Structures are given as structure tokens and as C-alpha cells.
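Shown next, in C-alpha cells, is the structure this report addresses.
When a ligand or atom number is given, it counts from 1 through the structure's own listing order. Note that the coordinates shown come from a computational prediction; the quantities given were computed from them, not determined experimentally.
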Amino acid sequence: MAKRVDKDATAVRAVVEGEVQGVGFRDATVQRARRLGVMGWVRNGEDGEALVHAEGPEPAVEELVSFLREGPPAARVAGVKAESVKPEGHEQFAIRGVSAGAFVVQEHAATAHHFDLRLEVEGMMRSWAVPKGPSMDPAVKRLAVEVEDHSISHNEFEGAIGEGGVIVWDRGHYEQGGRVAWPEALERGHAVFVLHGEKLSGGFALQRTRPGEKPQWLLIKRRDEQARPGSDVVAERQQSVISGKRLDQLS
Ligand code: MN
């Protein structure tokens, strides 16, 4: 998908140090950014700091950086380090690093063996059938056929069904990523997210390659610290994260 970057946009990455976590800093930053028409994100860092990506018209970005130097009333900002970066084409101002909901991967022995990847979106589990299952290798692109939504209550289902069956192969929660807000990112056919599961972790992308009745997507691991080039997680870790059973051990 082409990035839509405004030529006149400016962008900064800022590290905000001080007492800035647990004091409403992220919410206040989102509110201010939205009022100013600034796009990007805010997230908590690992050492008590807040990290901000802000892009938009230069005066608006400057005004947001000024706000960061003060913060909301409960914050005590010790300092802001801001550096110019390239605009990335964000279309929202989001809080990063927070859960967007549950995810589950159910291995399913049916007529054709596959893995169902499900992501919680607006109270339902959006679902893709992935014949070969997910991969932690960024070089691997896995076909993912969009299938009907499932209810959240199905997430823990595991058991024999007729001659086949289902195990919960992985589960956890996910964060939304990318430059476009969900669910619009899914509607537009390019969705980036970060999984926090027992087997799957780090950034992934779903890229729609063929719309229509049964839309086809590719599921791709993004290159990050969690990526494991050359690995085959589906073969290496076959057991249910609930029962410890493999799919062929169900009865
Ligand atoms: Mn299925």
C-alpha cells in the first residue's frame, strides 16, 4: 500500500523523561494531538519514560512538543529530547503498547488441515484460515483465507469434532500497529499488529491480495527482535497451550 505522506508534513520523535507514566500523560497527549491535527502515537517506554511520534504541519507539531514539555497537571516532566525524523504517513494519533483484545490460533483438523488465526475486533473474532499455519520467519508468506467471524466464547474451544478436532495452538493478546486506525486498516486490506502469545510474538502484517467472496490475504512476520529466520514454529511446537495435547492426541 502506498504511503500517503503530506509533502509539507514535518515529524519528530520525542523521549519524555520524568514522572510521566501512570499520570494520564498518554491520554492527555492523544487529546492534544487530535485537537492540533497531529498524527502519530504515544507509548510508555521501558524505563519510565514516554515515547512520542508526532507528524503534521510544523506549527502544530511544535505546539505538541511544547505541550510535552509541560505534560498534564499530574505529570512532572524532567526533559524532552526531540529529533526530526521522516514523516511516515500516519492517519491517526494512537496509544501504542496497549492491548487491542484477544488473539487465538486454533489448529483445526477438518477436510483440509489448517490453523485459524482470530483477532478480537469490535466484540467479535475476525478470522483467517491459514493452511500452513503462521511462521516466525519474515521471509515466509503464508496464505490466509478470510473466513466468518467467530464469537469470543469460541476462543477456548478444544476437542474432537467428528473425525477431526481443534486445539488451541496459541493465544494471548495483541496490539494494533501501523499507520491506519482499525477496523479501517482491515477494510483497506493492510493491517499491522503485534502479538503477545506463548509461541507467536512481535509484529505481523496481514496483506489482502485478492478481494471478493473469500478474500485472500498473506500473513507475514515483520522483521523485529522476535523474528526467527529459518524457524518452523508450527513443526517445532505442536502442543496445545491449554492441554499440552497435540491435535492427533485428541479423543
Ligand atoms: Mn477452521
Side-chain angles (χ1 to χ4, degrees), residues 99-138 140-177 182-183 185-222 228 231-251:
S99 175
F103 93 90
V104 64
V105 176
Q106 286 163 313
E107 187 180 2
H108 186 184
T111 313
H113 170 257
H114 60 274
F115 293 76
D116 290 296
L117 166 66
R118 308 189 201 281
L119 300 173
E120 182 179 350
V121 180
E122 297 184 320
M124 293 295 287
M125 300 302 292
R126 292 284 295 264
S127 299
W128 291 262
V130 185
K132 292 185 175 173
S135 175
M136 291 294 287
D137 181 347
V140 171
K141 295 176 167 68
R142 289 281 157 87
L143 171 67
V145 180
E146 192 172 343
V147 294
E148 63 189 18
D149 293 354
H150 274 55
S151 71
I152 293 171
S153 63
H154 184 70
N155 285 0
E156 299 204 348
F157 177 77
E158 181 164 300
I161 313 173
E163 311 223 321
V166 171
I167 62 166
V168 177
W169 183 81
D170 198 15
R171 64 176 174 177
H173 69 94
Y174 79 100
E175 298 167 32
Q176 295 173 359
W182 291 40
L186 286 169
E187 285 154 19
R188 279 162 52 176
H190 182 75
V192 175
F193 50 99
V194 180
L195 296 180
H196 298 279
E198 294 185 31
K199 299 174 184 173
L200 300 179
S201 63
F204 285 81
L206 275 165
Q207 173 71 48
R208 191 168 56 215
T209 54
R210 190 192 294 176
E213 274 290 283
K214 276 193 163 184
Q216 292 187 6
W217 301 64
L218 293 173
L219 175 66
I220 307 163
K221 177 75 191 78
R222 288 167 68 88
R228 290 201 298 119
S231 68
D232 184 356
V233 66
V234 160
E236 291 159 13
R237 304 190 63 183
Q238 300 183 13
Q239 293 168 323
S240 161
V241 293
I242 290 183
S243 65
K245 288 182 178 173
R246 294 192 315 263
L247 191 54
D248 63 9
Q249 293 171 323
L250 291 176
S251 56

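No donor-acceptor contact under 3.5 angstrom links the side chains of E120 and H173, judged on distance only.
Between the S240 side chain and the K245 main chain, no donor and acceptor come within less than 3.5 Å of each other.
Rounding to the nearest 0.5 Å places CZ of R228 at 5.0 Å from CD of E236. Once rounded to the nearest 0.5 Å, the distance linking CZ of R142 with CG of L219 reads 9.0 Å.
Within the protein, the number of N/O/S atoms found under 2.8 Å from the Mn ion (ligand 1) is 3.
Contact check on R246 versus E107 returns no salt bridge, with no Lys/Arg side-chain nitrogen under 4.0 Å from an Asp/Glu carboxylate oxygen.
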- Message: Determine whether L195 and L119 satisfy the following criterion, side chain to side chain contact (heavy atoms under 4.5 Å, CB included), listing intermediate values before the conclusion.
- Response: CA-CA 10 Å; L195 296 180; L119 300 173; 4.2 Å; yes
